[in-house]
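These notes are about the structure you will find just below.
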Amino acid sequence: MSLVGFAKVQSTRNDSIRRAILDSLDLIQYEFAKEIHNVVIKPNLCYYWDYTTGQTTDPKFVAALIDVIRAQVLSDVNISVVESDASAMRCKYAFKILGYEKMAHRCKVDLVNLSEDEHERVEVAVGGQSFRFELPQTIKSADLRVNLPKIKYMNYTRISCALKNIYGCNPYPNKFKYHGKLDEVIVALNKVMNFHLCIVDGNIVSGSHPCRLGLVMASRDPVAVDVAAARIAGLKATPRHILLASKEGVGSTSFIPKGIAPEYFEKRYPKERAIDKIMKFAYKFTQAAGLDKRLGL
Amino acid sequence: MRLGLIGLGYIGKIHLRHCLNLESVELVAVSDLSKKALNFAKRMGAKKTLSKYQQLLEDPSIDAVIIALPTYLHASCAKSAAEIGKDILVEKPLARNVTEAREIISMARRNDSKVMVGYDMRFSPPFCALKEKIESGILGDVQIAYASNIGAGPFFHRAELGMPKPVPTWWFQKELTGGGALMDLGCHIINLFRWYFGGIASIRSYLGYRYNLDIEDQATCIARFISGPVAVINVGWFSQESQKKVELFGTVRHAIACRTAENRVLAAMKLLATRSTQYESTYLRELQYFVHCVKHDLPPSPSGNDALKDLEAISLAYKNQISLK
């Protein structure tokens, strides 16, 4: 069983976010190793939606974590904040629009577009199927890889959190092509990228509508984080990609909650409404029937 | 009337649906660089699809063209169309700047082509009703006008379905757009207010850059009209919720017109049933009016000259920026 720490951000101030990150790490008894030289931080950047929508990691959250790492490891540790191009998003613009360029300049860290990074081919098996990906050099050479996901509903996997965020480490831009085997691909990428720590930016969450939840959740285990996230978001059954990840040894579906009770956040999370479910169903239906293309949506 | 449609992006597809549905129109050909878009047009019923708009313009059987291309292509395409005497409905803004707009107008004048600019708010019933109220005198003298045109701008593509489409990168380049939210959304309001109140005496702007781009994503303008009213105009690309709203404060009465985003379920059902949503129906009225003007040899409004004056006002607003430090 893995430890999952639940801490609360008391206000929107930067020092409050930093305090909550430290609390969540204390709860899981996490200590940064002193010999770390290269750190990779993977926020969740989604399209060009800024952090107020709850869809993307707040650059203030990333800056707070950078402060924590520099205070606890070495002040001159190399830190890279990474993301890759996606079907509907280009890092070149997302870093600028979402405030990451300003943050990187202020915190003196590198922003790396993994789609432009050097990489090597790796092969990994999931559920008897073999997958090939490009492993970016920046991720491969890092001593510490930190995953900073969001908790949100997603059409294909029902929930997006720690495991799904690593999907964005795949440098191949047209990720839409993986949607047919999304669960397997997510698990495969988690096996390849091997992140060490996950800290969820649940300060503002999207849910059915953006809401200030004030949650910071930390764990070494992405599967445990996703099980907790699914529970907070009100999902009754554990989504398939989480179960598959557990089966493949990425982590454990059982966890020991530490700090504030998860029920506190579960009560406050803006759950999916019936209308949202209908819209998702209608959208899936129009796609399956090819109506979206016929109507030019 | 025989029409050609150039450009099959978001607005181009709306025009396509209407051209195919309108009895008084025969859509002779469509053109776009994207094969996918042309295939879509074929599936919808377009008879002839071309990858180059020059081929479409060479067709002598086409009376008029709709230009729904990115802003930076408006001038070259509109000038080519005007040169061979086609009447033109071009999407707003007419061009990236005043110089390009003047070139289009001059070419159209030389070749006796009509130029109409696609300001859809001019065909939206609530905003047309305000014009009637002003002219009827029911409001008295309008002293203050307030407008907001707020939305997601170029970031809206399919975002409401949670499956955003890529934003064409020309949107992020000032040299291709001519400006940001003020150009994209402000031109609607400036044109509408000029329609209501006449010429602008002076205009100033405050520009915001939340998204750290070279182009503004929000603007607040204050304008004084020669006829008296003072207007405050707010435009922005920063919100996932869209709203177009105009408030007029007269010496006798006040009036409001507002257009918010349609209910998604109802809009989808209407689109399936009628191939046009409430939002899109303003484009239908716009097209019907353009066809009427061409058929009966009438000067269209908003014309190229109107749009030139809008661009002059926008250019002045960019020049007269207010600093709020």
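Note on naming: letters A, B, ... go to the chains in the order of the sequence lines (proteins, then strands), and numbering restarts at 1 for each one.
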Is it the case that over 12 heavy atoms from other parts of the model lie below 6.0 angstrom from the CD atom of A:Glu118? no
Compare all side-chain heavy atoms of A:Ile97 with those of B:Phe172 and state whether any distance is below 4.5 angstrom. yes
Could you tell me which non-hydrogen atom of A:Ser87 sits nearest to which non-hydrogen atom of B:Pro166, and how far apart they are? O-CG, 3.2 Å
Looking at A:Arg13, I want to see if its CZ is surrounded by more than 12 non-hydrogen atoms of other residues, nucleotides or ligands under 6.0 Å. no
Is A:Arg231 atom CZ crowded by more than 12 heavy atoms from other residues, nucleotides or ligands, each under 6.0 Å away? no
Evaluate whether atom NZ of A:Lys271 has more than 12 neighbouring non-hydrogen atoms of other residues, nucleotides or ligands under 6.0 angstrom away. yes
Non-hydrogen side-chain atoms of B:Asn212 and A:Lys102 separated by less than 4.5 Å: yes
Should A:Tyr47 and B:Val167 be marked as a side-chain contact (heavy atoms from CB on, under 4.5 Å) after you check the CA-CA gap, both sets of side-chain angles, and the distance that decides it? CA-CA 9 Å; A:Tyr47 192 51; B:Val167 181; 3.4 Å; yes
Show me the donor-acceptor pairs within less than 3.5 Å that the side chains of residues 50-61 of chain A make with the rest of the protein, sequence neighbours left out.
{"unit_1": "A:Asp50", "atom_1": "OD1", "unit_2": "A:Thr52", "atom_2": "N", "d": "3.1"}
{"unit_1": "A:Asp50", "atom_1": "OD1", "unit_2": "A:Thr52", "atom_2": "OG1", "d": "2.4"}
{"unit_1": "A:Asp50", "atom_1": "OD2", "unit_2": "B:Arg210", "atom_2": "NE", "d": "2.8"}
{"unit_1": "A:Asp50", "atom_1": "OD2", "unit_2": "B:Arg210", "atom_2": "NH2", "d": "2.4"}
{"unit_1": "A:Tyr51", "atom_1": "OH", "unit_2": "A:Lys60", "atom_2": "NZ", "d": "3.3"}
{"unit_1": "A:Thr53", "atom_1": "OG1", "unit_2": "A:Asp50", "atom_2": "O", "d": "2.7"}
{"unit_1": "A:Thr53", "atom_1": "OG1", "unit_2": "A:Gln55", "atom_2": "N", "d": "3.2"}
{"unit_1": "A:Thr56", "atom_1": "OG1", "unit_2": "A:Trp49", "atom_2": "O", "d": "2.8"}
{"unit_1": "A:Thr56", "atom_1": "OG1", "unit_2": "A:Asp50", "atom_2": "O", "d": "3.4"}
{"unit_1": "A:Thr56", "atom_1": "OG1", "unit_2": "A:Tyr51", "atom_2": "N", "d": "3.3"}
{"unit_1": "A:Thr57", "atom_1": "OG1", "unit_2": "A:Asn44", "atom_2": "N", "d": "2.8"}
{"unit_1": "A:Thr57", "atom_1": "OG1", "unit_2": "A:Leu148", "atom_2": "O", "d": "2.8"}
{"unit_1": "A:Asp58", "atom_1": "OD1", "unit_2": "A:Lys60", "atom_2": "N", "d": "2.9"}
{"unit_1": "A:Asp58", "atom_1": "OD2", "unit_2": "A:Lys60", "atom_2": "NZ", "d": "3.4"}

Could you tell me how the ring of B:Phe155 sits relative to the ring of A:Tyr48: parallel (under 30°), tilted (30 to 60°) or perpendicular (over 60°)? tilted
